[in-house]
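Taking it in order: structure first as structure tokens, then the write-up.
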Amino acid sequence: MGKVHVFNAGPCLLPEQAIDNAIAALKDFKGTGVSVLSISHRTKEWDAVMDECRGLWKELLHIPDTHEVVFLGGGASLQFLYVAMNYLEHKAAYLDTGVWAHKALKEAKGIGDAYAIASSADKNYTYIPKGFEIPEDIDYLHITTNNTIYGTEIKEDLDCPVPLIADMSSDIMSRPVDVSKYALIYGGAQKNVGPAGVIFAIIRKDSLGKVSRYIPTMLDYRTHIDKLSMFNTPPVFAIFVMNETLKWIKSMGGVEAIHKLDQEKADLLYAEIDRNPLFVGTAAKEDRSIMNVCFVMAPGHEDLQDEFLAFAKERGMIGIKGHRSVGGFRASIYNACSKEDVQALVDCMKEFETLKTK
Ligand SMILES: *Cc1c(COP(=O)(O)O)cnc(C)c1O
């Protein structure tokens with residue numbers, strides 16, 4: 001196999017260093033002679049990994065003492081239910097920015113009164129709705145900061161008069177976040193901070209305990225805060241690899257430095273999309289995601305789509321087919337994707353242009 005460039009939307013590319021350390025730990029976890037897959041999670045060696053991982057989250061995102069971070073199984077999709085169970089009492093508002101936002105709303109509707117405060121469904125979610133009024137009598141506003149499928153992103157931390165809850169599955173650790181503005185930030189690790197199998201939830205502790213329903217023990221965030229994510233067996237290996245990924249982010253200079261790199265990568269690719277007459281971007285320019293870059297063949301060249309996919313595949317590009325609900329192409333350029341990978345895709349687009357138009 002020649003050199004490949006991985007643009008998968010999730011599970012994502014992970015840093016080589018994290019993979020190498022995971023391989024070593026599969027054989028021998030911290031010199032114990034036992035594989036990380038077989039160690040007891042009730043040991044001081046494992047406690048040290050949990051502590052380090054929690055510590056790195058707090059350090060990298062400057063999480064204030066008002067908040068705690070927990071690691072759980074079940075995927076971001078189960079968090080949709082956690083959110084409603086833990087926060088929905090009277091009424092909740094959801095910003096409808098795509099499939100994931102919609103699924104989060106659906107779970108809330110199963111629990112209580114929840115509605116879409118604004119939607120970009122009219123243009124197939126190619127922009128972020130703006131200028132909507134947030135009523136002060138709702139329990140919370142739920143947003144999806146990065147819309148993985150459509151390549152749109154809310155890049156600033158909203159000022160919100162009610163508790164703000166954000167699904168940051170696909171842009172966590174790609175930009176500095178003012179955590180103090182959120183009651184809850186959650187997401188699956190597999191888009192930017194680790195392998196599939198673990199979620200992170202950053203919870204403002206005093207935002208909990210405000211609903212009257214019985215919350216099943218496993219669905220109650222307080223259980224996991226109290227037990228430091230070890231109420232039951234945690235997803236040990238996924239957390240191990242997430243920790244290694246965070247160590248890599250730190251070694252790169254932290255989230256601030258990574259953000260600069262991510263922005264440069266995104267600028268490079270969007271510049272080519274805007275320049276190359278064969279391609280056109282699908283997301284509104286001001287809302288373009290720096291993580292998922294969506295584009296299609298320009299009008300008049302639609303018939304070249306399959307040919308470009310095959311052409312790119314031959315040159316080692318992996319995972320650039322767009323989501324089935326959008327079509328075209330999507331390059332996910334998460335943290336571990338290098339500038340060289342993005343440059344290779346840009347070169348490939350240029351080569352294709354030469355082949356077709358000159
Ligand atoms: C992928 C994704 C999800 C779903 O994550 P799972 O862990 O597969 O449940 C939710 N929200 C966003 C924004 C995503 O990108």
Side-chain angles (χ1 to χ4, degrees), residues 6-14 70-85 94-108 110 114 116 119-121 124-129 141-155 157-158 164-175 177 182 184-202 218-219 224 229 234-235 237-239 241-242 245 262 282-283 287-294 319 321-326 330-337:
V6 180
F7 300 100
N8 285 338
C12 65
L13 183 67
L14 288 171
V70 299
F71 314 123
L72 305 170
S77 298
L78 187 57
Q79 289 303 301
F80 301 159
L81 178 61
Y82 269 78
V83 168
M85 287 300 259
Y94 281 68
L95 187 61
D96 178 27
T97 52
V99 164
W100 297 119
H102 204 81
K103 287 184 173 172
L105 173 58
K106 177 174 179 285
E107 288 310 289
S119 172
S120 48
N124 197 27
Y125 298 117
T126 50
Y127 70 101
I128 301 286
L141 170 68
H142 180 282
I143 59 173
T144 311
T145 52
N146 188 67
N147 297 284
T148 324
I149 294 173
Y150 316 89
T152 63
E153 186 175 13
I154 300 171
K155 295 168 203 178
D157 304 306
L158 302 184
L164 181 61
I165 294 182
D167 174 357
M168 291 199 189
S169 291
S170 53
D171 63 348
I172 191 76
M173 299 273 179
S174 72
R175 68 169 176 93
V177 168
Y182 299 84
L184 170 67
I185 296 170
Y186 70 88
Q190 74 273 16
K191 303 282 166 55
N192 214 17
V193 288
V198 63
I199 68 93
F200 57 88
I202 305 166
M218 274 297 286
L219 299 188
H224 304 295
S229 309
F237 188 57
I239 292 175
V241 182
M242 178 167 71
T245 307
D262 284 340
T282 50
D287 297 326
R288 281 175 163 179
S289 165
I290 64 167
M291 295 276 94
N292 311 97
V293 178
C294 296
K321 195 172 175 12
H323 190 271
R324 60 192 177 282
S325 62
V326 177
R330 168 177 56 176
S332 297
I333 52 175
Y334 297 120
N335 287 349
C337 170

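Order of listing sets the numbers, starting from 1, for every ligand and every atom in it.
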**OP:** Check whether the side chains of Tyr334 and Asp171 place a donor and an acceptor atom closer than 3.5 Å, and report yes or no.
**Re:**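 Tyr334 vs Asp171: no donor-acceptor pair found between side chains.
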Original post:
Are Asp157 and Tyr182 close enough that a side-chain donor and a side-chain acceptor fall under 3.5 Å?
Top reply: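 Checked: Asp157/Tyr182 side chains pair up, N/O donor to acceptor below 3.5 Å.
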Original post:
Do side-chain atoms of Ser119 reach the backbone of Ala121 as a donor and acceptor pair under 3.5 angstrom?
Top reply: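 The answer is yes, because a donor-acceptor pair under 3.5 Å joins these two groups.
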**OP:** Report the relative orientation of the aromatic rings in Phe80 and Trp100; use parallel for angles under 30°, tilted for 30 to 60°, perpendicular for over 60°.
**Re:**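 Because their plane-to-plane angle lies in the 30° to 60° range, the rings of Phe80 and Trp100 count as tilted.
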**OP:** Determine whether more than 12 heavy atoms belonging to other residues, nucleotides or ligands lie under 6.0 Å from atom NZ of Lys321.
**Re:**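 Not more than 12 within 6.0 Å, no.
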Original post:
Can you tell me if NE2 on His102 sees more than 12 non-hydrogen neighbours from other groups inside 6.0 Å?
Top reply: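 Count not over threshold, so no.
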Subject >> ligand 1: protein residues within heavy-atom distance under 4.0 Å >> reply: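 For ligand 1, the contacting residues are Gly75, Ala76, Ser77, Phe80, Trp100, Thr144, Asn146, Thr148, Asp167, Ser169, Ser170, Gln190, Lys191.
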